[in-house]
Amino acid sequence: MNQPATGTPSQFQPQDILNPAIMGREETMYALFDHLRSTDPVALVEHPEYRPFWALTRYDDVKRIGSANDEFLSAPRTVLVPEEAEKMFLETFGTANGLETLIHMDRPKHLKMRKVTREWFLPRSIQSLEVEVRELAKEFVDKMADMGDHCDFVRDIALYFPLRIILSILGLPRESEETMLKLTQEIFGGQDPDMQRDIKSGGGLQVLHDFGAYFNDVIADRKINPQQDLATILANAEVDGQPMDPLDQMSYFIITASAGHDTTSAAIGGGLKALIEHPEQMQLWRDNPELDIGAAKELIRWVSPVRHMVRTATQDLELHGKHIKAGDYLALWYPAANRDPEAFESPNTLDLTRDPKQQMAFGYGSHMCLGQHLAALEVACFFRELLPRLDDIKIAAKPEWVQAIFVGGLKSLPVNYQMR
Ligand code: HEM
């Protein structure tokens, strides 16, 4: 049930953190986080549709709990989904998470599974993709110019550029673009009325089945026709000398295809909005192209597309006066951490010269985003290509946000512009 966003911070309740209408709008989301961080940084959230959890909104807490991976586990409950959906997943897949991907695992399995693709995502491997990423960025910036003087930047450009890169890395054909876009949006935008399938009424299961059907064909093909692509690595991977378990393998495909797409689209879409709203920062980057990866990471901090991950405590602890018991769940809210005034000077100011190491959008610890170097490269390459060709740009109509509490961002950003 999507309730409308409520008004002033004093009216906020901890359970508003589960309200996609509040979380799906930049202003209300950050107002809620500011309120919780200053009044109740370890807030108990009780909601009729979700199992209870503690909401952590301070940078130091998110960093500490997120990186103590042996004390605070990822497996039991990784992302907040309604209890009804968890039950359905448990019955069908034997896990309340529905999937068994890297983000859902703990040591020692997590390390073994991460090793399968680690090489692919190291900075030196990602650097070798730079030429391809730049070419694709140019293709999409050309497309924007070809569209004349206006487009919906998110729907026409930002959604497709990271998707094409992921398809290319996996070695999947361009014709898969629409299928993958739809499935990814459905898996992440589960609560948004525009994303069609309602996670609580079994839609989540169907999305997983559809992903499965698509990737089963890819796996069968790469077993007999190996290529130089990530799909071949995943299709033929062995763990402890045995072929990878089919659920693990399917989950690996799904996380690689989905984690790298909506997140980076959100960073580019929200990133352009931020630059339009801070024209002096746009000019700064245009005049100083060497800001590059650092500037890209500031945009990623600003947008923080992954809203939360959950950890489960293995022992009792006390945090800011709250008694957390072994078995309790702690949700780490990355956008809240990324705007914590104790961690960042003027956190609500976009500053492309900020130290990029501190931002928390990729998480921290042994689960820290595997694709972070790729994501930063994509954002940097895109704006490196766009900014010198852009003479003028304005927001043409009210931007719209995805109503989601897991991966969020813009779903529409109409813009008018003059380009070379
Ligand atoms: C994990 C954020 C782009 C692949 C994560 C986590 C976060 C995150 C917060 C979880 C960390 C934790 O649990 O501690 C982002 C953001 C992105 C982005 C903000 C874009 C701006 C990508 C890309 C890929 C990717 C391009 C490439 C395929 C993954 C994978 C994991 C992950 C495979 C699981 C790692 C593990 O659990 O060991 N990401 N991500 N992500 N991300 Fe990203």
Side-chain angles (χ1 to χ4, degrees), residues 56 62-69 72-75 77-79 97 99-107 109-118 120-122 125-126 129 133 158 161-170 172 180 184 188 230-231 233-234 248 251-271 293 296-312 330-338 356 359-382 406-409:
L56 272 53
V62 170
K63 184 173 178 179
R64 188 186 134 212
I65 306 292
S67 53
N69 301 96
F72 299 95
L73 303 179
S74 292
R77 188 184 186 189
T78 312
V79 172
N97 288 317
L99 287 168
E100 183 67 5
T101 78
L102 289 179
I103 58 167
H104 305 102
M105 294 172 187
D106 293 299
R107 260 185 273 247
K109 186 175 175 183
H110 173 247
L111 288 182
K112 289 181 196 166
M113 296 291 284
R114 195 161 158 130
K115 225 170 121 193
V116 171
T117 55
R118 206 174 61 98
W120 261 83
F121 289 101
L122 287 177
S125 316
I126 296 304
L129 296 172
V133 175
F161 167 59
L163 177 62
R164 282 278 294 286
I165 289 167
I166 284 295
L167 289 180
S168 163
I169 290 173
L170 278 167
L172 304 178
M180 295 304 295
T184 310
F188 282 157
L230 195 53
I233 306 272
L234 294 177
D248 290 348
S251 304
Y252 221 131
F253 268 97
I254 295 177
I255 184 95
T256 321
S258 54
H261 163 223
D262 256 25
T263 48
T264 316
S265 299
I268 292 174
I293 295 288
K297 287 192 179 168
E298 170 66 353
L299 291 184
I300 293 170
R301 175 189 80 90
W302 190 259
V303 179
S304 285
V306 175
R307 305 302 196 213
H308 76 268
M309 298 298 298
V310 182
R311 300 288 199 261
T312 301
L330 300 101
L332 315 174
W333 295 91
Y334 300 113
N338 266 336
Q359 67 86 21
M360 177 70 77
F362 295 121
Y364 216 78
S366 62
H367 284 278
M368 192 171 182
C369 179
L370 190 63
Q372 58 176 302
H373 306 296
L374 176 61
L377 181 71
E378 288 180 46
V379 176
C381 283
F382 186 83
F406 178 36
V407 174

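Note that ligands are numbered from 1 as they come in the structure, with each ligand's atoms numbered from 1 the same way. Computed over heavy atoms, backbone and side chain alike; hydrogens, waters and symmetry mates excluded.
- Under a 4.0 angstrom heavy-atom cut-off, Arg311 registers as being in contact with ligand 1.
- Every atom of ligand 1 with a heavy atom of Thr256 under 4.0 Å away is listed here by number and element: 28 (C).
- Other residues, nucleotides and ligands contribute only 12 or fewer heavy atoms inside 6.0 Å of the OH atom of Tyr364.
- Atoms NE2 and OG, on His367 and Ser74 in that order, are 3.0 Å from each other to the nearest 0.5 Å.
- Remark: among candidates Met105, Glu378, His261, His367, the nearest residue to atom 11 (C) of ligand 1 is His367, based on non-hydrogen atoms.
- Applying the salt bridge (charged side-chain N to carboxylate O under 4.0 Å, His left out) test to Arg307 and every residue at least two apart in sequence or in another chain returns nothing.
- Side-chain polar atoms of His261 and Ser258 form no donor-acceptor pair below 3.5 angstrom.
- Each of the atoms 3 (C), 20 (C), 26 (C) of ligand 1 lies under 4.0 Å from some heavy atom of Thr264.
- Going from atom OH of Tyr334 over to atom CE of Met360 covers 8.0 Å, rounded to the nearest 0.5 Å.
- Listed for the Ser304 side chain is no donor-acceptor partner under 3.5 Å among the backbone atoms of Ala361.
- Nearest heavy-atom pair across Ser265 and Ala158 is OG-O, 3.0 Å.
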Practice problem: Kindly determine whether Ile165 and Thr264 satisfy side chain to side chain contact (heavy atoms under 4.5 Å, CB included), including the steps that lead there. | Solution: CA-CA 11 Å; Ile165 289 167; Thr264 316; over 6 Å; no
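- Shown here are the salt bridge (charged side-chain N to carboxylate O under 4.0 Å, His left out) partners of Asp248, two or more places apart in sequence or in another chain: Lys109.
- Not a single salt bridge (charged side-chain N to carboxylate O under 4.0 Å, His left out) links Arg114 to another residue, sequence neighbours left out.
- Atom 34 (C) of ligand 1 has as its closest protein heavy atom Ile103 CG2, 3.3 Å.
- In summary, the atoms of ligand 1 found under 4.0 Å from a heavy atom of Tyr364, numbered by their order in the structure, are 14 (O).
- Taking 4.0 Å as the cut-off, Gly365 does not count as a neighbour of ligand 1 on heavy-atom distance.
- Protein atoms of type N, O or S found under 2.8 Å from atom 43 (Fe) of ligand 1 total 1.
- Within the structure, the closest approach of His110 to ligand 1 falls below 4.0 Å when heavy atoms are considered.
- Note on ligand 1: Gly66 sits outside its first shell, no heavy atom being nearer than 4.0 Å.
- In this structure, NZ in Lys63 is found 15.0 Å from CG in Leu56, a value given to the nearest 0.5 Å.
- Looking at Tyr334 against ligand 1, only its side chain comes within 4.0 Å, counting heavy atoms.
- The closest protein non-hydrogen atom to atom 9 (C) of ligand 1 is Ala361 O, 3.4 Å.
- Taking CG of Leu102 as the reference point, atom CZ of Arg118 lies at 12.5 Å (rounded to 0.5 Å).
- Every atom of ligand 1 is numbered from 1 in the order shown, and the set under 4.0 Å from a heavy atom of Phe121 is 27 (C), 28 (C).
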